Number of protein chains: 2
Amino acid sequence: MTAERYTEGLDFILDLTSGVPYYRQVIKQVEMAIADGRLRKGSKLPTVRSLAVHLQINPNTVARAYNEMEIRGIVNTQQGTGTFISDKKIDLSLEERANILDSLVRSFLANASAYGFVVEDIIGHLDTLKEDVKI
Amino acid sequence: MTAERYTEGLDFILDLTSGVPYYRQVIKQVEMAIADGRLRKGSKLPTVRSLAVHLQINPNTVARAYNEMEIRGIVNTQQGTGTFISDKKIDLSLEERANILDSLVRSFLANASAYGFVVEDIIGHLDTLKEDVKI
DNA sequence: CTTCTTGTACTAATAACATAATACAATATT
DNA sequence: AATATTGTATTATGTTATTAGTACAAGAAG
């Protein structure tokens, strides 16, 4: 399968029941893979057509995800070649960085609390995620 | 605020970035609250109008969530009175609970990675927050 | 009884999403 | 050079989600 040409350990899956649009799920999975180290600068993503076959969706839907990621600077795409993770650098001072992180985390904790989760739940789950990636 | 009339400790929050339809988020949050005991038979939910104001969405959207929950037997609603949790048991397995948490965490990580944060950053900050809360 | 509060119903409009189909342009391979 | 692979663009169609606005019916409160 041509999908083998992209980074090992990266497997796209769609959750058909979540109500989250498909293209968003693709974007989020790429972002996740970047966050936990499975994808890095220069890594090649599966082609539009192969990922569409893999996920059993229309190529245009994959193309939409890739296009949006390019607009956001997450990837570089080139006709005839493919799509690669960019080296997008986020220039923030340490202080700005800390402020944004704090804001993101607090917002997330609030949201999680609406479902009844507490900090320990989150930390436990993140530790588990991290262990999974290590294998 | 009229929302005070419903069960203490229950707070609805929408994640505008996850792509999950709003009405589904409301339903899921009610289900979680029932499963972990924050809501029980007879507990009153906020009115359609008050929750709509609280969440800054259209009342019809809340009404949709409430209507679907009534169809599924989760709540009983009565015009002129309000909406109450039914006596239907909702048992979420540990796995289902973990899936919900996983979905929340992944969506958050994807957002965070757009700012250049990685899992270790998040865990570190959560540990820090956890220490703060202890004090 | 009157007024207020509550959920219900309905219509119309808009935006977003996903698909199918097709064709073209740029790059890579043979 | 010819062919294959890759992303891009476009049009049209259908479905879903959300909103706004309005009105009605049922229950609660005064």
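Because the structure is a prediction, the values reported are computed rather than measured. Protein chains get the first letters and strands the later ones, always in sequence-line order, with residue 1 at the start of each.
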query: A:Y22: what forms a side chain to side chain contact (heavy atoms under 4.5 Å, CB included) with it, not counting sequence neighbours?
result: A:L14, A:L16, A:Q25, A:I57, A:T61

- request: Let me know the distance between CD of A:Q79 and P of D:dA4, rounded to the nearest Å.
  value: 19 Å

task: Starting at atom CZ of A:F84, determine the distance to atom P of D:dT5, rounded to an integer number of angstrom.
output: 16 Å

Only pairs under 3.5 Å count here: list side-chain donor-acceptor contacts from residues 68-75 of chain B, not counting sequence neighbours, and write none if there are none.
residue : atom : partner : partner atom : Å
B:E68   : OE2  : B:R72   : NH1          : 3.1
B:E70   : OE1  : B:T77   : OG1          : 2.8
B:E70   : OE2  : B:T77   : N            : 3.1
B:R72   : NH2  : B:E31   : OE2          : 2.5

query: B:R49 has a side chain; which of C:dT27, C:dG7, D:dT8 sits nearest to it?
result: C:dG7

task: Just jot down the side chain to side chain contact (heavy atoms under 4.5 Å, CB included) partners of A:V118, sequence neighbours excluded, or say none.
output: A:E120, A:D121

- request: Return the set of residues passing salt bridge (Lys or Arg N to Asp or Glu O under 4.0 Å) with B:D91 (not counting sequence neighbours), or none when no residue passes.
  value: none

Cluster companions of A:V20 among Ile, Leu, Val, Met, Phe, Trp, Tyr (side-chain spacing under 4.5 Å): B:V20

field: By ring pair (Phe, Tyr, Trp, His ring centres under 6.0 Å) - contacts of A:F108 (at least two apart)
entry: B:F108

message: Is the shortest side-chain heavy-atom distance between A:F117 and B:M32 below 4.5 Å?
response: yes

- request: For B:T17, check side-chain hydrogen bond (donor to acceptor under 3.5 Å, both in side chains) against everything at least two apart and list the hits.
  value: B:D15, B:N111

query: In B/S/- notation, 5' to 3', how is nucleotides 13-21 of chain D contacted by protein heavy atoms closer than 4.0 Å?
result: ----SSBBB

query: For residues 65-78 of chain B, which residues have at least one heavy atom under 4.0 Å from DNA chain C?
result: B:E70, B:T77, B:Q78

query: When you check the phosphate oxygens OP1 and OP2 of C:dG7, does a side-chain N or O of B:T83 lie under 4.0 Å from one of them?
result: yes

